[in-house]
Amino acid sequence: MTAEFDTIWMESVDSTNTEILRRSDSLDNLSVIAAVNQTAGRGQRGNVWTVEPGANLTFSILLKFGEDGLSPLKATEQFAISEAVTLALADYFSENGINAKIKWPNDIYVRDRKLVGILIENSLSGSKVARSIVGIGINCNQREFPPQLMNPTSMSLLTGRRYDTHAELDAFLAVLGRYLGTMETASGRSELHQQYLGRMYRLGELHEYTDCRSGEVFKGTIKGISEAALLQVEMPDSTIREFAFKEISYIL
Ligand code: BTN
């Protein structure tokens, strides 16, 4: 698939995810809204996403499925969107000499530092995904971060270079187009799944986690991801336990 993204740059907006949602009925599949400054950026778990205006990339991509859009995608297969997006980011960073890993479900880490935040908001129609809003914040040129942020990093801190955010967005979208093409078929999705496992942060390594349901801190080893996209962790007693997104916290 040659993906034709249509990018709208805005000087300032509350949140590119919120803005693209407001305009979603009138925008086509593969529309992108990028902002120089976000005044109310939204993160995962209801957190805010605050960045230095103009320094980083903050943008959202509208994916529409079905007629005039991408091939239909079952609701049960929606994790394929995370897989395509995170793999595209990891590839794009490789092209920039940055060895990035995917922290399940959809953060991008370099060693123990977070380089990208992703907020994917899907809407379903029956058993299918109707629309997905993929919001991405890439730390490009920011070199200082508020102390309350846990372990942030940026492309500039990692490479010493400064980046032209417009050019970098185009470069990333070119890579993403290829992964969205792969996502369109069942065999492509299974390939994405294997590649995702190969890029996973902490896969097969023993580390500390908190079980958010009980508050218990334990040492475990990430073994993989279930059909339902749950994280599979080998526990101290050698059993495999599955965790949903808000049920486990990585201790860094
Ligand atoms: C996270 O908490 O890690 C996810 C952060 C996602 C931030 C991006 S920036 C562009 C888009 N617009 C938003 O309001 N959030 C996402």
Side-chain angles (χ1 to χ4, degrees), residues 5-24 27 30-63 78-79 81-90 92-93 100-123 131-142 145-146 148-156 163 165-166 168-173 176 200-202 212 229 231 244-250 252:
F5 293 95
D6 189 4
T7 305
I8 302 165
W9 270 95
M10 297 179 72
E11 201 47 41
S12 183
V13 70
D14 51 357
S15 148
T16 56
N17 266 39
T18 309
E19 177 68 10
I20 212 161
L21 174 63
R22 281 191 288 259
R23 299 202 210 174
S24 59
L27 289 176
L30 303 183
S31 293
V32 178
I33 293 186
V36 175
N37 183 25
Q38 275 193 142
T39 55
R42 296 191 284 114
Q44 298 161 6
R45 306 175 196 244
N47 291 329
V48 293
W49 183 258
T50 313
V51 290
E52 191 182 301
N56 295 340
L57 264 171
T58 48
F59 61 100
S60 302
I61 305 153
L62 178 64
L63 303 179
Q78 59 189 296
F79 192 64
I81 301 170
S82 290
E83 293 179 331
V85 169
T86 52
L87 284 166
L89 281 160
Y92 157 74
F93 288 123
K101 295 276 187 192
I102 302 166
K103 177 168 169 276
W104 173 91
N106 50 24
D107 282 328
I108 300 291
Y109 267 58
V110 176
R111 293 180 288 281
D112 285 333
R113 294 191 171 270
K114 178 160 165 165
L115 179 59
V116 181
I118 304 173
L119 179 64
I120 298 182
E121 299 179 296
N122 294 335
S123 62
R131 181 188 67 208
S132 179
I133 291 175
V134 178
I136 302 178
I138 304 179
N139 295 334
C140 293
N141 295 312
Q142 189 163 343
F145 293 87
Q148 67 271 21
L149 286 189
M150 213 170 59
N151 295 0
T153 191
S154 68
M155 295 173 71
S156 189
Y163 294 88
T165 50
H166 284 59
E168 294 310 318
L169 176 56
D170 291 344
F172 166 67
L173 291 175
L176 179 63
M200 253 177 103
Y201 173 73
R202 288 189 174 182
C212 302
L231 189 70
F245 178 47
K246 291 184 182 163
E247 293 175 349
I248 186 167
S249 166
Y250 292 59
L252 298 178

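Just follow the structure's listing: the first ligand is 1, and inside any ligand the first atom is 1.
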Can you classify the ring geometry of Y201 versus Y109 as parallel (below 30°), tilted (30 to 60°) or perpendicular (above 60°)? tilted
Heavy-atom side-chain contact between F145 and S154 under 4.5 Å: yes
State whether F245 and R45 meet the cation-pi test: NZ (Lys) or CZ (Arg) under 6.0 Å from the six-membered ring centroid, and within 45° of the perpendicular axis. yes
Please determine whether the number of non-hydrogen atoms from other residues, nucleotides or ligands lying under 6.0 Å from atom CZ of R111 exceeds 12. no
Going by an N to O cut-off under 4.0 Å, is there a salt bridge joining K101 and D107? no
For a quick check: using heavy atoms under 4.0 Å, what are the residues in contact with ligand 1, sorted by chain and number? S15, T16, N17, Q38, G41, R42, G43, Q44, W49, T58, F59, S60, D107, K114, G117, I118, L119, G135, I136, G137
May I ask you to test the M155-I138 pair for a side-chain heavy-atom distance under 4.5 Å? yes
